[in-house]
Amino acid sequence: MRIVVCIKPVPDTAARIKVHKDGARIDPDGVKFTLGPYDSRCIARAVALKGAGEVVALAAGAAAGEAEAKKRIKDALALGCDKGIFVPDPAPENRDPLAVAKALASAIQGQGGADLIFCGRQATDDQALAVGPMLATLLDLPCVTDAVGIEVTGGSARVQRAAEGRVETLEVTLPAVITGQRDIGDEQYPKLKEILAAGKKPIAEHKVEWAAAKYAVAGLVPPPEKAPGKIVGEGPDAVPALLNLLQTEAKALAL
Amino acid sequence: MQPATAAALDLFNPTEAHEMLRRMVRDFVQGEVEPQALEHDRTETFNLPLFRRLGELGLLGVTIPEEHGGAGMDAVAAVIAHEELSASDPGFCLAYLAHSMLFVNNFHHNASAEQRARVLPKVLSGEWVGGMCMSEPHVGTDVLGMSTVAERVGDHYELTGRKMWITNGLIAEGTLGDVFLVYAKTGARISSFLVEKGTPGFEGGQKIRDKCGMRASTTAELVFERARVPVANRLGEEGDSLMHMMRNLEIERVTLAAMSLGIAMRCVQVMCRYASERHAFGKPLREFGQIQRYIARSYAAWKAARSYVYDTARRMDLGRPGQRVDSDGVKLVATTMAKQVADDAMQVLGGYGYVGEYVVERLWRDAKLLEIGGGTLEAHEKNITKDLSRAWQAIVV
């Protein structure tokens with residue numbers, strides 16, 4: 001089975017985010033990026049499912065910079081993907097999820113297709129939750145979102161998805177696009193041997209005609225800064241003052 | 001591979017694989033090492049399941065060639081692994097060092113093909129926990145004065161003596177480590193032997209209790225009473241092991257120095273954060289000159305030692321001795337630096353620094369051992385001066 005996992009570099013959760021001077025995006029300068037956490041869980045599942053096939057890590061666009069995108073493909077290779085495909089983007093600041101989905105669809109069609117396509121349920125930076133379903137639509141494939149489990153038998157898959165208050169099991173014909181929740185695969189660390197092997201695995205470049213964005217970010221403001229913490233004292237003597245502040249100032253306790 | 005410009009050299013992550021190794025260990029530490037560190041320090045216990053996770057990740061054979069089941073990486077990679085583990089749990093890292101550097105790396109260099117095939121798979125996976133036996137109850141720095149002897153009797157040797165301060169000697173109450181590299185005198189010269197648990201005449205002695213620090217690694221005395229070791233378990237030729245010992249002490253000291261770097265890095269992080277969050281007299285602690293002195297000096301001392309350790313590691317050839325002046329040099333500088341930085345961190349944190357929950361108290365206790373184990377500061381001073389007096393014109397340039 002040939003499985004494609006679409007990946008995206010996202011800022012590390014501990015990264016300090018600044019708005020770019022163009023006012024419409026995050027400034028990638030000085031930000032530490034990582035592989036999206038849902039992406040890496042999808043990779044874990046894909047590698048477990050592939051059998052005699054292969055897992056391809058696909059990254060389109062370079063909002064974080066081209067070098068960054070290629071490093072994250074390397075991370076995916078170290079987690080057990082067999083090869084990488086990178087779709088360069090000459091104008092990464094002018095993209096919306098539809099443009100990215102079109103680029104991914106073109107790369108998948110142009111690079112041998114897929115029996116199964118995984119996307120993380122969302123990129124943890126812009127949180128559009130859009131690319132996976134759009135990609136399925138463009139490829140005219142079924143799409144199961146928020147999957148927490150999957151087994152493949154022959155030409156179909158049983159997919160568990162987390163719905164409100166219940167877990168649904170769906171039968172879906174393959175190929176299909178699956179967007180993975182956290183539980184789709186285990187958290188894993190790359191093994192040292194896989195890290196060394198990743199350096200020898202191929203990364204192909206696939207050029208596409210990028211579509212222009214049909215929407216643009218008109219404004220971007222960071223969330224309001226949190227007020228600094230307060231130390232009201234030390235030991236049991238400080239408890240009355242703390243209780244008072246929790247009630248009157250933070251309003252976290254009922255009076 | 002030489003970087004094209006001086007600016008292109010990343011001393012701490014010289015290749016992409018080094019950078020990925022660091023990130024992998026750091027993520028693993030955050031996910032699995034940090035949550036257990038305080039508890040194992042308190043209970044003075046070695047976390048064997050966690051140790052075996054290191055085997056799964058391939059970290060037990062960082063320096064072992066790929067064809068023998070390891071990662072085939074260099075001293076810099078070993079430094080990265082020890083530095084990152086020690087930023088969280090130096091005690092656990094010391095058990096890792098005793099296994100992967102003192103046993104696995106040492107064994108690999110001196111073992112025959114047959115011995116490697118027999119032992120490496122078990123120690124690279126973590127199925128077996130290994131250690132190395134050099135010090136004795138009455139012999140430390142003066143190692144050539146060791147009194148453990150090995151007498152050849154037909155197709156085996158009989159080892160008699162006591163070895164002291166053996167990390168991984170007993171990995172739990174009454175449970176011996178699985179395999180040891182033991183130095184012993186054969187006549188006037190030193191030989192080394194592979195001694196497995198279950199060898200007749202080989203037993204655990206006392207488990208060392210109530211250590212100041214490094215409590216997540218176990219330390220024991222081991223007893224050899226005419227322990228019957230097959231000739232097939234001798235490493236190299238009889239009498240050849242002084243060179244083995246000297247060669248392995250170099251990577252041992254560099255990785256112990258790396259542990260100091262991890263301790264200091266964590267302490268600098270902790271003190272920076274606390275000095276920003278804690279206020280006194282209406283402003284954060286970091287605005288006070290006395291606190292600035294601790295933070296700034298700690299940072300600069302850590303960075304200076306870190307540069308020296310990594311520069312020494314990148315020059316190291318693990319296959320030969322002869323780098324002692326700097327392997328002793330980095331341990332002298334980095335261990336004293338880390339102890340001071342941990343002390344400064346504790347001072348910045350005041351009362352909080354003195355309790356376990358805020359981490360630096362544990363790191364402060366752990367840091368002290370590194371001035372003693374693997375060569376005392378005094379041994380490093382002796383060695384460095386001796387090496388310089390022989391060839392300072394070639395070294396101090």
Side-chain angles (χ1 to χ4, degrees), chain A residues 9-16 32-37 39-41 43-44 57 67-81 84 182 186-201 203 225-238 241 245, chain B residues 1 13 15-33 53-74 77-78 80-81 84 100 124-125 269 273-274 276-286 349-352 355:
Chain A
V10 294
D12 186 87
T13 47
R16 305 199 88 170
K32 209 179 115 202
F33 286 87
T34 66
L35 193 57
D39 301 352
S40 59
R41 303 279 185 129
I43 291 169
E68 213 26 82
K70 286 182 176 166
K71 276 189 190 166
R72 302 295 73 93
I73 292 176
K74 280 269 168 68
D75 288 347
L77 297 175
L79 289 172
C81 291
R182 199 184 133 81
D186 294 329
E187 182 173 11
Q188 49 170 353
Y189 309 102
K191 295 181 168 64
L192 186 48
K193 280 187 187 170
E194 293 282 349
I195 286 176
L196 295 166
K200 296 169 195 145
K201 291 178 182 174
I203 299 178
E225 278 214 28
K226 256 173 56 180
K230 206 181 261 184
I231 294 172
V232 296
E234 285 178 30
D237 294 347
L245 284 174
Chain B
M1 190 174 53
N13 302 294
T15 69
E16 192 168 50
H18 288 105
E19 190 271 331
M20 290 171 81
L21 165 66
R22 181 185 298 285
R23 232 163 354 100
M24 177 265 273
V25 181
R26 190 170 285 193
D27 290 347
F28 171 71
V29 163
Q30 197 183 350
E32 298 185 25
V33 178
R53 289 281 289 133
L54 299 177
E56 288 168 25
L57 292 170
L59 292 169
L60 298 180
V62 172
T63 58
I64 306 307
E66 286 180 86
E67 63 268 30
H68 296 140
M73 292 186 82
D74 53 10
I80 288 170
E84 294 295 333
S100 65
L124 292 177
S125 69
Q269 289 167 349
R273 180 174 185 165
Y274 186 85
S276 294
E277 288 175 355
R278 174 72 188 244
H279 286 60
F281 304 102
K283 54 185 181 180
L285 291 192
R286 64 171 184 233
L349 267 68
Y352 294 101
V355 291

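Order of the sequence lines fixes the chain letters, A, B, ..., with proteins taken first and strands second; residue numbering starts at 1 for each chain.
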Applied to residues 227-236 of chain A, the side-chain hydrogen bond (donor to acceptor under 3.5 Å, both in side chains) test, sequence neighbours excluded, yields A:Lys230-A:Glu249, A:Glu234-B:Arg278

query: Around atom NZ of A:Lys191, are there more than 12 heavy atoms of other residues, nucleotides or ligands at under 6.0 Å?
result: no

Point to revise | Neighbour count >12 (heavy atoms, 6.0 Å) for atom CD, B:Gln269 | key: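 More than 12 within 6.0 Å, yes.
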
Can you give me the closest heavy-atom contact between A:Ala78 and B:Met20, atom names plus distance?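 So the two residues come closest at CB-CE, 3.6 Å.
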
Contact residues of residues 60-69 of chain B (partner chain A; heavy-atom separation under 4.5 angstrom):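 Near chain A, by residue number: B:Val62, B:Glu66, B:Gly69.
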
**Prompt:** Salt bridge between B:Glu16 and A:Lys74, side-chain N to carboxylate O under 4.0 Å?
**Reply:** yes

The test is side-chain contact (heavy atoms from CB on, under 4.5 Å); show your working for B:Met24 and A:Ile195 and say whether it passes. CA-CA 9 Å; B:Met24 177 265 273; A:Ile195 286 176; 4.0 Å; yes

Under 4.5 Å to a heavy atom of chain A? For B:Arg53 that would be side chain

Just so I know, are the side chains of A:Leu192 and B:Leu57 near enough to count as touching, which here means a heavy-atom distance under 4.5 Å?
no

Would you say that B:Met73 contacts A:Leu196 through its side chain, given a criterion of any heavy-atom pair below 4.5 Å between the two side chains?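 Counting from C-beta outward, B:Met73 and A:Leu196 do come under 4.5 Å.
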
**Prompt:** Passes side-chain contact (heavy atoms from CB on, under 4.5 Å), A:Asp75 versus B:Arg23? Steps please.
**Reply:** CA-CA 10 Å; A:Asp75 288 347; B:Arg23 232 163 354 100; 2.9 Å; yes

Of the listed A:Glu194, A:Lys193, A:Lys71, the one with the largest count of heavy-atom pairs under 4.5 Å with chain B is A:Lys193

